[in-house]
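In what follows, a structure is listed as structure tokens, so that the remarks can point back to it.
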There are 2 protein chains.
Amino acid sequence: MSDESQELGITESKSHKPGEWYAEVVQKAGLADYAPMGGFIVTKPRGYALWESIQDALDGWFKDTGVDNVYFPMFIPESFLEREKDIVEGFDPEVAWVTQGGHEELEERLAVRPTSESIITPFMADWVRSHRDLPLRLNQWCSVVRWEATETKPFFRTKEFMWQEGHTAHASSEDAWKEVWTRLGQYERVYEDVLAIPVLRGKKPEHDKFPGADTTTTVEALMPDGKSVQGGTSHHLGQSFAEAFDITFVDEDEEERTAYTTSWGLSWRALGALVMTHSDDQGLVLPPTIAPTQVVIVPIWQEDTKEDVLEYSEGIAEELEEAGFRVELDDRDERNPGFKFNEHELNGVPLRLEIGPNEVEDEEVTLVHRPDNEQSVGDRDEIVDTVDAHLEEIYDKLYETAEENLEENIREAHSPEEIMGTIGKHGGYVKTPWCGDEACEEAIKEKVAAEIVMQPLEDEGGETAGEVPEPEEDECGVCGEPADEIAYFAKSY
Amino acid sequence: MSDESQELGITESKSHKPGEWYAEVVQKAGLADYAPMGGFIVTKPRGYALWESIQDALDGWFKDTGVDNVYFPMFIPESFLEREKDIVEGFDPEVAWVTQGGHEELEERLAVRPTSESIITPFMADWVRSHRDLPLRLNQWCSVVRWEATETKPFFRTKEFMWQEGHTAHASSEDAWKEVWTRLGQYERVYEDVLAIPVLRGKKPEHDKFPGADTTTTVEALMPDGKSVQGGTSHHLGQSFAEAFDITFVDEDEEERTAYTTSWGLSWRALGALVMTHSDDQGLVLPPTIAPTQVVIVPIWQEDTKEDVLEYSEGIAEELEEAGFRVELDDRDERNPGFKFNEHELNGVPLRLEIGPNEVEDEEVTLVHRPDNEQSVGDRDEIVDTVDAHLEEIYDKLYETAEENLEENIREAHSPEEIMGTIGKHGGYVKTPWCGDEACEEAIKEKVAAEIVMQPLEDEGGETAGEVPEPEEDECGVCGEPADEIAYFAKSY
């Protein structure tokens, strides 16, 4: 048992070595393992269950808002990818190439999809004839491959990653904007309501847009180590893809017009943000909204009290299950309560019920929160309401902690020294007026590895959709030239 | 409109040109399109919705019976695939090879997974230490690629196809057998209860097993054109994979033992069988169990009756939706009822409600079944029960037709001439005693392209698990030598 106890312990510290700590939590809590090829991971049952929860939530919202799921081939002929060169200058994707099929060389290389615009858009062009075919909203859940040579970080940086990619076509730019906001709003909702992570909504600077997009909008989440995570992006593609791939339609006046398209994606990086945001040196911490097990019941018995304690515990487990909670009764004989506590802490079970002879006698339960170990006692006969209230409280505590971290870490700066000093000292977001010149970002990036991760947006409806509000002060925080935009600098994952 | 009417019509005949008819139904009913690369298809919203229904059913049953979902990389290093050569002589998979990543040649080729035993089994070996870790049951929903050069037939023959692959490890051969039967039973259930297709359960002959398996069990469905479809397979892998990849565990007596493994898979070929079995020259036919739209309401009005007819129709649509049916009210102005009838027939909506001024006046509805156009009248105030009964009747009719086709097409034969003559004349299954020699199968195969698709199985429990019952007569139907097995010959997809 000593070996196994050791396996349970997280040895790295979140505050001192966040990278090592993260890798250890992911592995020891059973979320993922490293695959034999660098850049790839194996998603284990507990990790995949979390991804399924995100899928279930988003997929339901997508379907409620007119999206149909489809599946396109995982390979894209090189000539199809090449057509994106018409749209994006210098387009040169880092992809995995299939060059042999069976024992033969292929005549044309096939890219393993890095994203699917170039194969989906021609089909959309084929399927759209009339204004009655619009809007056309397609989505697929799949994995994509991008051959980037960086260190593997499960869910954050892997050559293959799971995501959903949505692709839509609309009759007008306004309709496309509405789509962009709908999906960005759903991404925000999945972070806030499912993952208990507040996010900032904004857009990427022009030079950092999705290749070919008019505007790339993003939700950004701030991690406890002060770095920003790009949590999901929703792109207004304007007419660039529609023109390149010829998505036209006959409108109500029998005129032929070109459509507007959008695309939007959220990847398993959301799981990385989840782990990074809430977990601690005891292991995984999960909000009850996504935890596969929300409540674990640990009975504590001696030989003479075993029967009573177990019977009492089983009654509670049944009642909670019937009420719809995800409950586990850990009645293993071969483990002592201390071991069980550690294991369920490691695995991120939000609420633990401890039940010994005293609880049985007093008709009570002892409730312990993860992660702060807050302990209280509740009445047996109000168990369902009590557990419900505690789970809500646990969610609120996690959300509030993350929200405080976000709010405290948005700071203003008005000179390069101040920007770099603030990032160096505190991390987080540094808000500054910006002239719009990429060179100003480069100057900061070279010195402190921070970049413009986000720009706030004007009111989302109407004619200013996609525009950045003007700053109150009008000198660029980096070069001092006239500035008419606001930019948020941060280090990022 | 004339153009679009033409698009709705199926021009090929199921009985005369089943191949062309099938391809036309798949495309015109909006299930799939051909991708630009031979061997690949694009699964469209209506096709993908059917696959999601199969997934939902099976995934729920898997989870209820102890299976966890996971996700393994889509690439397998060549050296991992090579290890299967220890298990299977002459193993030489036809796969797609990734040889370049970004702008560089890879040091080792990566196979796009054709199936995942060779990458999953080593991880199972790592995760299994003690008998407490068993059974270990993993499943993934993904696509796989097999580089076979054949004509593309959507859902039946494609280089990339969607499936689920289950992989399990057990402490004993008996436990592995139970697993094999559990999964085969769930495949049978999805065919019979969801797709309305009766199947035969059996095993593949020794020479046609999954490479490395002890026994390959199968569910086989008979198509109306007399060919058999292998509907799903469940393999008892014995200890061959466990030995090659070293899955050992410490049992209750602290002895180290080798595990037994199984694998099992069902692909979107089930959709092919669905289309082929029930559909007709008017288009797709779907059992109500899987139809995305179960009931379509077509209001039939003149200008002066429009308001009454629509209001009456909307009331019915709401009541049916509340009762949990998947209902569409087709109140499009720009289409006449005849066009709508054709379109919903093409798309396989099982039950049509026609509502005109007469129905409104008499407080009735007219109900029309797909595919036999059986028409009847029901009372408005019993609409929920009536629709429920009709949907059940439609399912029963489809199932019974398929069952009759199956029962009428299992014939016995006792000489090569009789086997070949029966297959040539009727198609279907020909049951015959068999000596077990592959050469006897070859002799038939060469002449009439029929092979042994299935052998019936002994009672599934106990010591005879996986054994084929002895035939009543004891001379091989092909060579006349002593025979102690029964074999079913058929042409197959």
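Chain naming here is simple, since letters A, B, ... match the order of the sequence lines and numbering starts at 1 in each. None of these values were measured; they are calculated from a predicted model.
- The local environment of CD in B:Glu108 is crowded, with over 12 non-hydrogen atoms from other residues, nucleotides or ligands closer than 6.0 Å.
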Stepwise side chain to side chain donor-acceptor pair (under 3.5 Å) test for B:Glu117 and B:Thr115: CA-CA 6 Å; B:Glu117 276 78 3; B:Thr115 178; 2.7 Å; yes
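- Residue B:Phe75 touches chain A through both its backbone and its side chain, counting heavy-atom pairs closer than 4.5 Å.
- A salt bridge links A:Glu334 to B:Arg132: at least one charged side-chain nitrogen sits closer than 4.0 Å to a carboxylate oxygen.
- Interface summary for chain B: among A:Glu160, A:Glu94, A:Met162, A:Met37, the most heavy-atom pairs under 4.5 angstrom belong to A:Glu160.
- Residue B:Glu148: no heavy atom, backbone or side chain, is found under 4.5 Å from chain A.
- Of the listed residues (B:Asp126, B:Val70, B:Leu106, B:Ile76), the one with the most heavy-atom contacts under 4.5 Å to chain A is B:Val70.
- Interface residue A:Leu138: only side-chain heavy atoms are found under 4.5 Å from chain B.
- Considering CH2 of A:Trp147 and CD of B:Glu104, their distance stands at 10.5 Å, rounded to 0.5 Å.
- Looking at B:Trp51, there are no atoms closer than 4.5 Å to chain A (heavy atoms on both sides), in backbone or side chain.
- Only the side chain of B:Phe123 comes within less than 4.5 Å of a heavy atom in chain A; its backbone stays farther off.
- Under a cut-off of 6.0 angstrom, the local environment of CD in B:Glu105 is crowded, with over 12 non-hydrogen atoms contributed by other residues, nucleotides or ligands.
- The distance between the ring centers of B:Trp268 and B:Phe161 does not fall below 6.0 angstrom.
- If you tally non-hydrogen atom pairs under 4.5 Å between each of A:Asp68, A:Val42, A:Val112, A:Asp33 and chain B, the highest count goes to A:Val42.
- Using a 4.5 Å cut-off between heavy atoms, A:Gln140 makes no contact with chain B at all.
- For B:Arg157 (side chain) and B:Glu151 (main-chain N/O), a donor-acceptor pair under 3.5 Å exists by modelled atom type.
- Annotation: the span from A:Phe80 atom CZ to A:Leu110 atom CG amounts to 11.0 Å, rounded to 0.5 Å.
- Neither the backbone nor the side chain of B:Asn139 has a heavy atom closer than 4.5 Å to any heavy atom of chain A.
- For B:Ile41, the part lying under 4.5 angstrom from a heavy atom of chain A is the backbone only.
- No part of A:Arg46 comes within reach of chain B, as not one of its non-hydrogen atoms sits under 4.5 angstrom from that chain.
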